[in-house]
Structures are given as C-alpha cells and as structure tokens.
Amino acid sequence: MTVTTSPLLTVQDLTVRYGTAQALSDVTFSVAPNTALAVLGANGAGKSTLARALSGLVPPVSGSVVLDGDDLTGRPPESIRRAGVLHLPEGRGVFPSLTVMENLRMATTGDRRGRPAAVDRAFTVFPALRDRQRQQAGTLSGGEQQMLSLARALMIDPRLVIADELSLGLAPKMVDVVFESLRRARAAGVAVIMIEQFATRALNFADDCLILQRGRAAWSGPATEAGPELLHRYLGS
Ligand code: ATP
C-alpha cells in the first residue's frame, strides 16, 4: 500500500516577467509537509525569482501558488508571511546591544501571550542560545549570531521556510551552523525550500530536487537521484 500525503505547497505553471524578459516559465512543483526541496540552477536560471514570487515580492503573470488549500497567488508579502511562508534571509541580523532573550522577545511582536512558549520553542531548537540568554547579542560569536537571527525568524512559527542562498559569503563553520539550524527547524515540522550555491550540500540536506534552466523546470525528482552527470549537464562545473 502506498501512503500519499497531500502537498503542503503546490505551484502550478508559475510564470514571472520583468518587463518583457521572462524569468520563469510555467514552473510546476510541489513540496510535501515536513520535507526539504533543493532548488538548483546556473546563474540567472530563475532561482531567486522563484523565491521572490513565492513570497509575494514579484507578482506572477500567470500560474498559482497554493499553501495547504490557501491560494496565495498575487497576495502581498505580509499576507503570505502571515499564512506561514517565511523568506530568509529576510530579517537577518540581531540587535547587538540587546541580550539574546531581548532579541528573541522582540521577534514576537504583536503576540504577547504566545511569547514565553515561542521563546521556549526557540531554546529547544537552539539549546546553545538558552545558555547565553543574558549575554549581549553583539558579544556572541559569528555562528551564534547567525543562530540567533535564524531563531528570531523562526519564532513566527512558519510552515514553510524559503532559504535563499543563506550560506552566501559565510565562513565554512557558519555554513555548518546554517545547515544545522535548518535541520532542526525541519525536525520541528517546518518544510524547507533551499536555494544553495553548494549543490552537493543542498542535495544531502534535501528530500527532493528541482533544477531550473533558463526559467524552466528542467528536471525534478528525489535528491538522491540528482547525480554528478545530471548536475554537470544543468549546472556546468
Ligand atoms: P543567480 O544564481 O545568479 O543569483 P538566479 O537563478 O537566482 O541567479 P534570478 O536572479 O532569478 O536568477 O534571475 C533570472 C533572470 O531574470 C535573469 O536573467 C536575470 O537577469 C533576470 N532578472 C532578475 N531580476 C531582474 C529585474 N529586477 N529586472 C530585470 N531582469 C531581472
């Protein structure tokens, strides 16, 4: 017997243009709950445009984006965010003169009642932050600040995180922190769309893979099947 779960996110024939230039053409894919999708492609393939379209930063000219039955197509970014789609590194950074605890509390503006539970959840996902809760954020190590900034982002309890080149320009140790943090978020029930320059790392992390080529979905399938030959064909070296 095969068990089929309905997708968390369903993207159908998504098309985006900048003026007359078509950046995405009829892109279709889905993301199951609790899974990670790696989106790969050469420079200019449309990866960031996909992230922007999913989070409402650019309006699609056609196609649809549906999150668990909720049609998000064409909605403004704030409404999409409220529906549970979080585009990172949006809101990256911490307040250096405030403590770790103050930084976390501030991330949950508007929902005072849910605040202690949200802070507790963040400490469960990132135990290292619990130990440093009274420390000024500016005195944390780079990796710990990265962790705090992800913890802040995750405090709004997203259902889907779009991680757009989160490790860009980071030292290898910090890249490890980013991956570990996303692993923890996924273990806590958050689905992830990962756009990454490190294809192999992204594939090791992800369950599924979507390869874009000149704005089109050129290949999709299980991450384990995206072998070196395929990567070479679509991504070059
Ligand atoms: P990279 O890996 O280099 O960041 P990418 O796969 O994220 O590339 P996009 O940034 O989505 O690619 O760009 C897709 C196409 O759309 C490219 O041809 C790019 O030049 C074009 N493009 C992106 N943003 C704009 C814009 N604001 N105006 C016009 N064209 C744009």
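Since the model is a prediction, treat every value here as computed from it, not as a measurement. Counting from 1, the numbers follow the sequence of the chain as shown. For ligands, and for the atoms within them, numbers begin at 1 and follow the listed sequence.
- Taking any N or O of A23, backbone or side chain, none lies under 3.5 Å from an N or O belonging to ligand 1.
- Between L203 and L231 there is a side-chain heavy-atom pair separated by less than 4.5 Å.
- Shortest contact from atom 31 (C) of ligand 1 to any protein heavy atom: Y18 CD1, 3.2 Å.
- With ligand atoms numbered from 1 in the order given, ligand 1 contributes 1 (P), 2 (O), 3 (O), 8 (O) to contacts under 4.0 Å with heavy atoms of N43.
- Hydrophobic clustering of Ile, Leu, Val, Met, Phe, Trp and Tyr side chains at less than 4.5 Å, counting indirect connections, unites V94 with F123.
- At the top of the distance list for atom 11 (O) of ligand 1, counting protein heavy atoms only, stands T49 OG1, 2.5 Å.
- Protein heavy atoms come within 4.0 Å of atom 2 (O) of ligand 1.
- Contact of the I80 side chain with the V65 side chain is not registered, since no non-hydrogen atoms from C-beta on lie closer than 4.5 Å.
- Atom 19 (C) of ligand 1 is not flagged as protein-proximal [any protein heavy atom, distance under 4.0 Å].
- Of the candidates G46, A42, A53, S48, S48 brings a heavy atom nearest to atom 4 (O) of ligand 1.
- Less than 4.0 angstrom separates some heavy atom of K47 from each of these atoms of ligand 1: 1 (P), 2 (O), 5 (P), 6 (O), 7 (O), 8 (O), 11 (O), 12 (O).
- Residues L14 and F29 fail the side-chain proximity criterion, which asks for heavy atoms closer than 4.5 Å.
- Atom 15 (C) of ligand 1 has as its closest protein heavy atom G44 O, 3.7 Å.
- Each of R52, E196, H87, M194 was evaluated against D164; a single residue qualifies, H87, per the side chain to side chain contact (heavy atoms under 4.5 Å, CB included) test.
- The closest side-chain heavy-atom distance from D176 to R201 is below 4.5 Å.
- Linking Ile, Leu, Val, Met, Phe, Trp and Tyr whenever their side-chain heavy atoms come within less than 4.5 Å leaves L50 and V66 in two separate clusters.
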